[in-house]
Number of protein chains: 2
Amino acid sequence: MDDSGDKPRSSRSTGSARLTDVARVAGVAPMTVSRALNRPELVSESTRLRVQQAVLETGYVPNRVAGALASSRSRLVALLVPTVAHSLFAEVVQTVMGVLSSQGYQVLLGLVGYTPEQEETILETVLSRRPDGIVLTGCRHSALTRQRLKAAEVPLVEIWDMTDDPLDMLVGFSHEAVGRAVAEHLLSRGYRRFGIISADDSRAKLRVAGFVSGLESAGIGEYQLREVGTPSSMPWGREKSAELLDRHALDAIVCSSDILALGVLSEAQSRGLTVPGQLAIMGFGDSSYAAASFPALSTVRIDGAAIGLRAAEHLLQRMAQPTFERAGQVLDVGFEIIDRDTT
Amino acid sequence: MDDSGDKPRSSRSTGSARLTDVARVAGVAPMTVSRALNRPELVSESTRLRVQQAVLETGYVPNRVAGALASSRSRLVALLVPTVAHSLFAEVVQTVMGVLSSQGYQVLLGLVGYTPEQEETILETVLSRRPDGIVLTGCRHSALTRQRLKAAEVPLVEIWDMTDDPLDMLVGFSHEAVGRAVAEHLLSRGYRRFGIISADDSRAKLRVAGFVSGLESAGIGEYQLREVGTPSSMPWGREKSAELLDRHALDAIVCSSDILALGVLSEAQSRGLTVPGQLAIMGFGDSSYAAASFPALSTVRIDGAAIGLRAAEHLLQRMAQPTFERAGQVLDVGFEIIDRDTT
DNA sequence: GCCTTGAATGATTGCGCTATCATCCAGGGC
DNA sequence: GCCCTGGATGATAGCGCAATCATTCAAGGC
């Protein structure tokens with residue numbers, strides 16, 4: 001009845017219902033509406049119901065932009081991955097979002113590709129949203145990126161890589177160890193003349209380095225390496241393996257992703273090579289189609305869901321305990337060699 | 001020199017540099033800093049450089065939360081898809097984000113699954129961020145969702161479906177037409193006894209309905225239908241096809257996704273059935289592995305990149321022209337039957 | 001000289017919310 | 001009666017920025 005106290009809506013207002021509108025309808029102070037919605041345990045049952053009713057009547061949708069500004073809590077988590085067009089990262093995105101959204105966080109997704117420059121650019125705009133937490137793929141960042149992240153003092157989980165010295169928390173695995181394990185596996189199978197097809201991305205190169213060091217430990221210094229651009233694709237795999245097979249006598253080709261390996265497989269088949277008899281092929285990622293190819297692709301399984309899950313959990317924990325000591329927690333989720341029919 | 005005019009930093013402040021800090025260092029008014037950063041053409045060259053310098057000195061990172069509140073422009077676009085763990089939607093996410101981020105927009109990703117309830121919940125929290133635009137998968141929404149979207153008056157593109165009556169703009173294709181085209185294709189190949197394995201999702205069901213109506217047009221009223229839960233997977237495909245093949249004499253099985261079709265294929269192979277001689281198999285989506293399977297999977301290609309691209313473009317256009325008449329623009333990107341070696 | 005013009009810059013205000021502290025009041029101890 | 005306690009509610013003041021309008025000043029016309 002008494003709406004004489006309303007301020008006239010300024011020309012800058014958006015026109016939709018505000019907290020004060022709900023407060024007027026419910027006959028309480030704006031602050032009480034805020035509490036009824038965000039901390040209902042502080043408000044009496046009857047007030048809560050009146051507010052609820054008023055929200056429905058006014059069609060009020062809270063403005064979290066204003067809320068974030070006032071409270072310095074955005075309830076936003078930034079998730080930076082190279083791409084989602086790769087099932088491994090898609091899996092991470094899927095699980096991280098599942099965990100975080102169940103706890104009331106929303107996710108600002110950033111696709112940083114495979115270059116430090118893109119990461120820098122995107123990180124800057126991401127930080128301008130003042131996220132409550134960040135999940136960041138990889139742990140080899142430019143100096144500027146590291147500096148910005150430290151300055152932002154925002155809970156952070158690096159994923160999908162391994163280091164002793166994380167910026168904050170880390171959930172991942174060692175790419176070098178993957179490479180080394182693949183080398184040992186193939187050597188134990190008796191393969192000796194290796195081709196490598198690797199994407200031009202820093203983590204793939206780490207795996208290659210691990211693989212090569214594994215070979216060297218066994219006294220093998222010779223191998224053939226080809227790099228391909230991103231995104232990896234079957235045609236890249238075919239083209240580079242054709243090149244390798246034309247010029248070198250190889251008995252195994254190791255690829256930095258399953259999709260490349262599939263390309264190698266089809267090249268081998270088109271040349272009438274028996275797999276793995278005349279040519280062994282190793283992928284990486286254990287994509288859903290690795291098991292479905294014929295012959296079924298041997299590969300390395302990374303549990304993206306586990307990484308996403310643990311990363312999200314770590315982040316939630318840290319966000320809940322604001323200044324918990326920066327423990328430098330590191331979790332290695334490992335990997336698994338999947339020995340199917342191409343090795 | 002003169003910093004006597006500074007307000008003491010309130011206890012509620014976040015501690016990082018603000019516009020006023022930069023302004024003080026640069027020796028200009030805060031408003032001038034704002035202009036130098038957001039509308040540099042309004043500021044003299046020398047001022048712009050001084051501000052730039054001051055930004056570097058202070059390590060200032062703009063607070064877009066405050067900016068969004070003050071300007072009623074969030075520079076945020078919400079992108080709602082069922083999942084990213086499916087290459088088709090991942091492709092859409094990838095392209096939408098590519099286009100939008102090049103124009104300075106950030107993307108708030110929402111995974112709505114395949115139920116209207118999840119869509120409702122997520123849409124509510126999404127709207128509370130006051131996005132400048134929304135890309136929404138599907139165009140069959142609950143009444144509440146439709147009402148909220150209309151009330152929000154935010155530029156909207158529905159994707160991945162088709163209707164005459166979009167909420168705002170629409171870029172997609174007709175799932176019924178897909179089903180009908182698949183029916184015609186298989187009938188023309190001479191297949192007559194059909195099994196259908198479909199996910200329990202509304203758009204897959206539309207494709208089934210189209211397929212069935214295609215059969216009926218040809219006078220075929222009998223078919224075997226099995227539904228599977230989400231997410232679809234190879235084991236689901238194997239299990240349901242085993243069930244179908246045990247009980248019915250079929251010469252073709254149509255699946256609502258490639259991954260299901262791959263499961264059917266492996267079941268067929270394990271039974272020693274020749275494909276397509278004794279059993280034809282049809283997928284949907286033309287995932288990257290469809291061409292790689294053996295035999296290569298026949299399927300339906302949807303150009304997810306085109307959908308994402310056009311959707312993002314439409315949205316950008318609408319966001320640039322605030323109250324352009326709600327044209328009800330509809331774009332049908334169609335689909336393509338990919339006739340490989342399983343039909 | 002005087003006015004106009006427009007580019008550059010500044011001062012003020014408010015976006016819609018929540019932190020914080022103040023107030024109010026019922027219930028209880030003594 | 002008085003004071004304490006604590007739950008419920010309210011009033012006030014900002015969060016950091018940009019919209020808006022005001023001011024300044026050099027250049028130019030006459």
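Only this structure's heavy atoms are used, side chains among them; waters, hydrogens and symmetry mates stay out.
In this model, the phosphate group of C:dA8 is not approached by any side-chain N or O of B:Ser44 to a distance below 4.0 Å at OP1 or OP2. Between B:Ser13 and D:dG14, a side-chain N or O to OP1/OP2 separation shorter than 4.0 Å is absent. Close to C:dA8, at under 4.0 Å from its OP1 or OP2, lies no side-chain N or O of B:Thr32. Listed pair A:Ser34 / C:dT18 meets the phosphate criterion, a side-chain N or O lying under 4.0 Å from OP1 or OP2.
Between A:Leu79 and the options A:Val107, A:Val126, A:Leu315, A:Val84, a side chain to side chain contact (heavy atoms under 4.5 Å, CB included) holds for only A:Val107.
To the nearest 0.5 angstrom, B:Glu120 atom CD is 9.0 Å from B:Thr115 atom OG1. Atom CG of B:Leu108 is separated from atom CG of A:Leu76 by 6.0 Å, given to the nearest 0.5 angstrom.
The separation between A:Asn63 atom CG and C:dG16 atom C1' is 6 Å, rounded to whole Å. B:Asn38 places its CG atom 8 Å from the P atom of D:dA19, with the value rounded to the nearest Å. One atom, CG of B:Leu69, and another, P of D:dG16, lie 12 Å apart when rounded to the nearest Å. C:dG6 atom P lies 18 Å from atom CD of B:Glu41, rounded to whole Å. In this structure, the CG atom of B:Leu42 is 13 Å from the C1' atom of C:dG6, given to the nearest Å. Between the CZ atom of B:Arg130 and the C1' atom of C:dG16 there is a distance of 9 Å, rounded to whole Å. One atom, CZ of B:Arg24, and another, P of C:dG10, lie 15 Å apart when rounded to the nearest Å. Atom P of nucleotide D:dG14 and atom CG of A:Leu19 are separated by 19 Å, given to the nearest angstrom.
For A:Arg130, the CZ atom sits in a packed shell: over 12 heavy atoms of surrounding residues, nucleotides or ligands are nearer than 6.0 Å.
Considering only the side chain of B:Val43, C:dT9 comes nearest among D:dT20, C:dT18, C:dT9. Among the nucleotides D:dG10, C:dC17, C:dG10, the one closest to any side-chain atom of A:Ala29 is D:dG10. When the nucleotides C:dC17, D:dG10, D:dG16 are ranked by their closest atom to the side chain of A:Val28, D:dG10 comes out on top. With C:dC17, C:dA11, C:dT20 as the candidates, the nucleotide lying closest to the side chain of A:Met31 is C:dT20. Among D:dA19, C:dG16, D:dC17, the nucleotide with an atom closest to any side-chain atom of B:Ser71 is D:dA19.
Using a 4.0 Å heavy-atom cutoff across all strands shown, A:Ser72 reaches no nucleic acid atom at all.
For a distance-only test at 3.5 Å, the side chain of B:Arg35 qualifies as a donor-acceptor partner of the base of C:dG10.
No side-chain donor-acceptor contact under 3.5 Å links A:Glu158 to the backbone of A:Val135.
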